[in-house]
Amino acid sequence: MNLQRTADDYIDKTGFYPESASEAGSGAEAGLESVPAKDSARYVPDAILVQGIARQDETDFSELYQRYSGMLYNFLVRLVGDASVAEDLLQEVFLAVWQGAGRYRAAAAVKTWLFSITYKKAVSWLRRRRDLPLPEIDLPSRSESPEQIVQNDLQSQAVRKALDLLSVEQRAVVELAFFYDLPYADIAEILGCPLGTVKSRMSYARRKLESYLQGEDTV
Amino acid sequence: MAHKPSPEELYSYLPQYVNGTLPPGLCSDIDAWLAEDDSARDELAAWQRMHQAVASQPLETLSPRAWAMITVNRRSSRRSSWSWTRFLVGASLAMLTLIMLWLTLRPGVVLQWSVSDDSPVVYQIYRAPLGSQSFELLDELDAELGVQDYSYLDIAQFPGQAYIYRIQAISPSGSLLFTNTVTSQPLGVLPGQLAIILASIAAGLLAASALHPAAAHQREHFLPA
């Protein structure tokens, strides 16, 4: 299993853009190749972008989309299990951002606010589609050796199947904590639940994953 | 004295320790706990395995079509909000124009009557819709010394509605001296009323079209890479 993360993976998943231009070097300190924003001298914090969007600034809207569309899209794919549905929901998310930017209050970070909107869209869609089975996710083509691909695919498929067994609430906690590496406090805010609920969902998800991967659980 | 986490709390902090979001103070507590507890290290390893498994999921690539669709939907939503604004502005201006033109041009029925003497009487003007006997008093005019010709303009008419007018002369003692009745023809005043109404609508449409988004400057924007 290839656990190495490239700089692009890190940036896509975490939206690694420093909150200020002065922090642009922290990626190098972490051992990752630092990829600056397109114009680091004029880097605009997320909250300022949202203010611009509230004034119907299309440039700020485009910038925010560039920063977060990838991570929010992948979050949606994991929750709803369908890439095309995730793309449609992503459109709804950013349309909600465009229309609701004027109501954003800086009490929460912009990333938290975006994930919160995204999660609610996914849950709303899943509730409407409760009775339909989730389709399989198609993996992109990779360049490993055939043996490595088989081994990695088996493990990846097992992990994916195990994750698909989780409820959307548990899956969201797991993804936010271990794919996007968000603090529990932010996760609680995104999901709109207490901190204790986040912890319990995480524990339950781990037990379910372990029991499935050990062959004790069946689909 | 700082709160020392219980074992249950330490266990609950492990996922955050693994994903690097635990505060430094609690990290120190976890480090000390791991150094002396084998089961804690086993628990940590289990969380690390889970973290690795989740973090190794492949990334999906977002189609550029998504941004194009967002742009289309965003402009549609802005057009719809623009439409409501334009409608309200146009309707308000049309109403204001209607009121101002109506009060200025005063389209209506003119009643004229002549008397042979200038007795001190009061002329009462009544009106009822054609076909109804419910007369309402519109106004009272005092007779003027030396004046024999009188007129009264009624502009509060519903377009297309015919009315019966009754003019009564009342003596100072309250007795009815004479009464006269006349029926108005709606077609006579309708063109003037319609002209004012159409002019008001035109003013409202002009104001609404001036707010059309095509009249505003649009900035060039680029698709994200």
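Throughout, a chain's letter reflects where its sequence line sits, starting with A, and its residues are numbered from 1.
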| query | Does a donor on one side chain and an acceptor on the other come within less than 3.5 Å for B:D29 and B:Y13? | reply | no

| task | Go through the steps to decide whether A:V80 and A:L89 satisfy the test side chain to side chain contact (heavy atoms under 4.5 Å, CB included), and finish with yes or no. | result | CA-CA 10 Å; A:V80 303; A:L89 291 177; 3.7 Å; yes

| request: Give me the ring orientation class for A:F75 and A:F115: parallel if the planes are under 30° apart, tilted from 30 to 60°, perpendicular past 60°. | output: perpendicular

| task | Take the angle between the ring planes of A:F61 and A:W98 and call it parallel below 30°, perpendicular above 60°, tilted in between. | result | perpendicular

| query | Can you say whether B:Q48 sits under 4.5 Å from chain A via the side chain, the backbone, both, or neither, judging by heavy atoms? | reply | neither

| field | B:Y11, part contacting chain A, at a heavy-atom distance under 4.5 Å | value | neither

| said: For A:Y184, which atoms come within 4.5 Å of any heavy atom of chain B: side chain, backbone, both, or neither? | reply: both

